[in-house]
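Read the structure below first, then the notes.
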Number of protein chains: 4
Amino acid sequence: MTTKSNIILGANQYGKAEVRLVKITRDTERHSIEDLSVTSQLRGDFQAAHLEGDNAHVVATDTQKNTIYSLARDGVGSPEAFLQRLAEHFTTSFDWVTGGRWAAESYAWDRIQANGTGHNHSFVRNGQEVRTAVVVKDGNATHVLGGLKDMTVLKSTESGFVGYPKDKYTTLAETTDRVMSTDVAARWRYNPGAVATVDFNKAYDDVKALLLEGFTEDYSHALQQTLFDMGKKVMDAHEEIDEIKFSMPNKHHFVVDLSPFGQDNPGEVLFAADRPYGLIEATVVRENGSDAGNAWEGMAGFC
Amino acid sequence: MTTKSNIILGANQYGKAEVRLVKITRDTERHSIEDLSVTSQLRGDFQAAHLEGDNAHVVATDTQKNTIYSLARDGVGSPEAFLQRLAEHFTTSFDWVTGGRWAAESYAWDRIQANGTGHNHSFVRNGQEVRTAVVVKDGNATHVLGGLKDMTVLKSTESGFVGYPKDKYTTLAETTDRVMSTDVAARWRYNPGAVATVDFNKAYDDVKALLLEGFTEDYSHALQQTLFDMGKKVMDAHEEIDEIKFSMPNKHHFVVDLSPFGQDNPGEVLFAADRPYGLIEATVVRENGSDAGNAWEGMAGFC
Amino acid sequence: MTTKSNIILGANQYGKAEVRLVKITRDTERHSIEDLSVTSQLRGDFQAAHLEGDNAHVVATDTQKNTIYSLARDGVGSPEAFLQRLAEHFTTSFDWVTGGRWAAESYAWDRIQANGTGHNHSFVRNGQEVRTAVVVKDGNATHVLGGLKDMTVLKSTESGFVGYPKDKYTTLAETTDRVMSTDVAARWRYNPGAVATVDFNKAYDDVKALLLEGFTEDYSHALQQTLFDMGKKVMDAHEEIDEIKFSMPNKHHFVVDLSPFGQDNPGEVLFAADRPYGLIEATVVRENGSDAGNAWEGMAGFC
Amino acid sequence: MTTKSNIILGANQYGKAEVRLVKITRDTERHSIEDLSVTSQLRGDFQAAHLEGDNAHVVATDTQKNTIYSLARDGVGSPEAFLQRLAEHFTTSFDWVTGGRWAAESYAWDRIQANGTGHNHSFVRNGQEVRTAVVVKDGNATHVLGGLKDMTVLKSTESGFVGYPKDKYTTLAETTDRVMSTDVAARWRYNPGAVATVDFNKAYDDVKALLLEGFTEDYSHALQQTLFDMGKKVMDAHEEIDEIKFSMPNKHHFVVDLSPFGQDNPGEVLFAADRPYGLIEATVVRENGSDAGNAWEGMAGFC
């Protein structure tokens, strides 16, 4: 006569997060460095672990970590390629692992300039942005996402904000000349049919350059417009990309009122505020592009 | 004769993030305090802003911030109730706003003990966990999510990990007695039919207490099992909750090998590691519960 | 005939930082937990390492880490006592180590309430503040500093700010009723003669309680005044303490102007700002107290 | 007949911290940007504020903020020069302000490359390091400190660690080839006599380049040795600098043992650890250089 319905296990995944992997390639005197933080999460039949504490299916997260290091012995190549190797390994090695999510951040290093040239084995971290990558595998479908985050840009003019609706809560004054600044976070999804042939590192460098260039172009009537233009610019040039999502704060720079001190301030002295901030999130997609499936699930800050 | 498909606008939302709102209620000498960080994001028809820089539909994020403060003048009550008021306001005030996502973190304060009693108007921040809430509105559907994060717990025994599969990458030794520690992050979804009558603050306190109590009970064969038990305990007691999701790191505490120094170490001296960490994510759901719709979209770290 | 003066080695110290040590005491069923982050830094004759790369004097930082874990096997007791044991060990084990600086943060855990009572071996991190301790040893002198940080307090009335000088850059309006909030960071120096007999854990609990109680008392004309009162309260009650230093931000809570929306706001709806913030630092000392020597060197944020 | 000694006010300072100042220079179409976080702290006679709540001497921290913005209207120039202007202003405007400490972080921006050239008014944050500056004024003495922090470097060979003392707590194996990595934090003190004529921006760029180049040179027998070499290189080239202090973590990169998986690992696959880390702090000074006075007080992480 119970009226309660059953309590059951729903969607789940598990693994090892933020495995810090540094790969030095030192086959010649001119070393190179790859620096990543890798997360591996498995999906499949893990019912018994949750309900009965039976670990027969639980590939230890420590084992996942070991696998990451072992596979890196043969090189990383690109984050996207490396994550695909992990996905392939885990889904083919264990019957009950039917999919998963593998993610990486990677950090760029420049050669230190010494005596006028890039040094063979000394590096300084670049710090301009963090590169991101995700591979989601679900049965036969594999989604590959490139990306970057924390790339802070600013334009000191050619931006305004006018023509917005005014209601009883509106106090903002219109402006035709303001500073616009944001931290670009973008994730782009490769067409599954193209994944086998993409040069991910080359694509990354080019997408980053296009995003930066796109930010500089045209007067901005709203961050929304600039965002769309940046995305369109990338997708016009990269037919292998079907979709790009942005999450970009509007980092407010307020012109300080210096009139109490007898000074003008033609947009020269600004207060860079922390919080609150505007937050603009949007997707630029290829009409009739490939199906995204569950590629974007569990991704924060992207609508 | 172009072969390129059209580039169009996909899913999008925007608003003001992390509006720091402190509400003091001071109608008697015994003040009370509510402390929140509120994010408002609108969804609807914002095509023209992205494609043409036409802001006629763009309710300024500054206006959204003002609205948050103005509505707080009449009190917050609970984060979940306050976010619903925001959702209602924005979706009824502007034809083209068809939905959105409103989120809050809130921070608990205790009265300072002075001269043996809780002080009337002096408080110390509690810091045990951060309370979270989300309201997602999409047409007629409204989803309300309670939650908490950063609640760090540890049990010093009654936990083990054995019986997992051993492959060529497995080096982990089995153990029947280990320290288990995690930062509990949980989000629970209220049944839409129950939302009108739930006392959200009371429910929150009770769910938190059940999660903590659930963590203490039974020998843990895996963090997965403990997670499921914690969720089931909550949902057995709260029929108004249809689903609870967890994202819990396995914060490794390694027993330090003291044998080189001629000492034993029966699980007394441990190294608390930072990275990597295990990461266990799972959902506990009520069979035949309400449909989650898009309630969980854009939520990081919950599968 | 060089005109350049010699370039030589000045003050130096080195060691292992942030050794994460968790000590479980489990001699009965009722376990207890001590959770610290310990830093050990040695001073002495390390000239050859810097100038010639000769490591004969360089006690490896890995060895310092091992020593921390080994000494913890016999218990921690209190951070201050444990750091003194480290200081004693290193300065007596190596002739050329003449002193050093040992520091700890420690994190409090509460027993989880389960079935109405504190659980034997399950804990939840408290999070109200971080306890700090430092021992500085220099020849025969040993300085012991207790402390805490990140204890966030707020009083919602009984604070004002008036009577300050007005110059051409002054725009701030006077107020006799404002919210005052700060993150208390305090460090107190024990009289060297008292160190042998102080119960550091008991003293810590009492000092913390006095700081909190002191914050509640009296109308505050300035954070400076409240700071001094808090320090005096501690030192009146603790003759074993010769000095207490504070570094306390004035965390501004601005009353939001709701008049554009037709609402009053009698100090009820506030914006909690991040940056900039006031920063008040001061020392409360016992006249004719012991000499501080180099106890405070290298301590940030305390003048 | 009280036996207690008096409780009195000791050293103190106060002000506004982390004033976020962005200065756009836009007198031509080619804009430039200066981006700083400025902290102003005053010292002098503030006894009455602490003891009696009398604010007659308390130059409001809000006034200090306003002054920072107002003085920036005429340009920043260099952080060191701007802080000196602040010091001069406050110590000459108020009789009872006898000194203080002014500090800044600054953040570099690069022009965005668009269509093959640096854009006139669009910038991307550089992120390689944070520049720091401090001015301490005490009566007639003024100390100017340049600096940088968070500059992460790594050399993938030409580093070892051998010959250190072995005691009962030593388990570390010697190595003649390891990865060495650190986050360089350095602060250098200019000779007071040279301050009037130094081009601080030019000096900064050159010191940074010398630090990087110094890191690449010579086999490193210990981080201590490399630190000293870096400092000496700077001071040999910059006679206007009398002292340079370093605080550099030894960021351990452990070679992963791949032998359980049948693989070798000749220093190619590494685990980058977070905590604990080595911490090396030392000063390189010019013999018979100028007196540092209180220049270094309240500076964390520099011995």
Side-chain angles (χ1 to χ4, degrees), chain A residues 5-20 41 46 49-51 53 55-56 58-63 65-67 70 93 163-165 167 169-172 221-222 224-225 228 232 235 250 275-288 298-300 302-303, chain B residues 5-20 41 46 49-51 53 55-56 58-63 65-67 70 93 163-165 167 169-172 221-222 224-225 228 232 235-236 275-288 298-300 302-303:
Chain A
S5 51
N6 266 342
I7 309 299
I8 58 173
L9 179 67
N12 61 88
Q13 65 183 4
Y14 82 102
K16 194 68 111 194
E18 299 189 41
V19 177
R20 293 285 292 106
Q41 288 176 290
F46 299 102
H50 290 86
L51 273 59
N55 295 320
V58 182
V59 181
T61 67
D62 189 74
T63 300
K65 178 199 71 181
N66 286 346
T67 307
S70 180
S93 299
Y164 46 86
D167 74 353
Y169 298 113
T170 306
T171 57
L172 184 73
H221 293 90
Q224 281 89 333
Q225 185 190 22
F228 186 82
K232 187 168 185 310
M235 292 181 63
N250 191 341
R275 296 190 295 179
Y277 51 92
L279 182 55
I280 315 299
E281 301 182 330
T283 314
V284 182
V285 298
R286 195 174 300 282
E287 208 172 10
N288 307 315
M299 191 88 79
F302 291 90
C303 70
Chain B
S5 50
N6 267 341
I7 309 299
I8 57 174
L9 180 67
N12 62 89
Q13 65 182 3
Y14 81 102
K16 194 69 112 194
E18 299 189 40
V19 178
R20 293 286 291 108
Q41 288 176 290
F46 299 102
H50 290 86
L51 272 58
N55 295 319
V58 182
V59 181
T61 66
D62 189 76
T63 300
K65 177 199 71 181
N66 285 347
T67 307
S70 181
S93 299
Y164 46 87
D167 74 354
Y169 297 113
T170 306
T171 56
L172 184 72
H221 292 91
Q224 280 90 333
Q225 186 191 21
F228 187 83
K232 187 167 185 311
M235 292 181 63
D236 279 342
R275 294 191 295 181
Y277 51 91
L279 181 54
I280 314 299
E281 302 182 329
T283 314
V284 182
V285 298
R286 194 174 301 281
E287 206 171 12
N288 306 316
M299 191 87 80
F302 291 90
C303 71

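A note on names: the letters A, B, ... follow the listed sequences, proteins ahead of strands, and every chain is numbered from 1. All values derive from a computational prediction rather than experimental measurement.
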Subject >> Nearest heavy atoms of A/K65 and B/P276, plus distance in Å >> reply: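 In terms of heavy atoms, the two residues are closest at CD-CG, 3.9 Å.
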Original post:
When rounded to the nearest 0.5 angstrom, what distance separates CD in B/Q41 from CD1 in A/I280?
Top reply: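 Output value for this atom pair is 9.0 Å.
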Original post:
What's the spacing between B/R286 CZ and A/N6 CG if we round to 0.5 Å?
Top reply: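 B/R286 atom CZ to A/N6 atom CG measures 10.0 Å (nearest 0.5 Å).
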Which one of [options] has the most heavy-atom pairs closer than 4.5 Å to chain B?
| options | value |
| --- | --- |
| A/H221, A/E287, A/M299, A/R20 | A/E287 |
| A/T61, A/V285, A/N66 | A/V285 |
| A/A60, A/S93, A/P165, A/A56 | A/P165 |

Original post:
Looking at B/N288, B/T67, B/V284, B/V59, which makes the most heavy-atom pairs under 4.5 Å with chain A?
Top reply: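 Highest number of pairs under 4.5 Å: B/T67.
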Subject >> side chain to side chain contact (heavy atoms under 4.5 Å, CB included) partners for B/A282, two or more places apart >> reply: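 B/A282: side chain to side chain contact (heavy atoms under 4.5 Å, CB included) contacts with A/L9, A/N12, A/H50, B/L227.
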Subject >> Portion of A/N250 that has a non-hydrogen atom of chain B nearer than 4.5 angstrom >> reply: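 For A/N250, neither part sits under 4.5 Å from chain B.
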Original post:
A/Q13 versus chain B, heavy atoms under 4.5 Å apart: side chain, backbone, both or neither?
Top reply: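 Both backbone and side chain.
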Examine whether an atom of [X] lies under 4.5 Å from a heavy atom of chain A, and if so say whether it belongs to the side chain, the backbone or both; otherwise answer neither.
| X | value |
| --- | --- |
| B/K16 | both |
| B/E281 | both |
| B/T283 | both |

Original post:
Taking B/T170 for the side chain and A/T63 for the main chain, is one N or O donor matched with an acceptor at less than 3.5 Å?
Top reply: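 Here the side-chain-to-backbone pair does not exist.
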Subject >> B/Y14/A/Q224 under side chain to side chain contact (heavy atoms under 4.5 Å, CB included): CA gap, chis, key distance, verdict >> reply: CA-CA 9 Å; B/Y14 81 102; A/Q224 281 89 333; 3.6 Å; yes
Subject >> Contacts of type ring-ring contact (aromatic ring centres under 6.0 Å, His included), residue A/Y277, not counting sequence neighbours >> reply: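 A/Y277 satisfies ring-ring contact (aromatic ring centres under 6.0 Å, His included) with no residue once adjacent residues are dropped.
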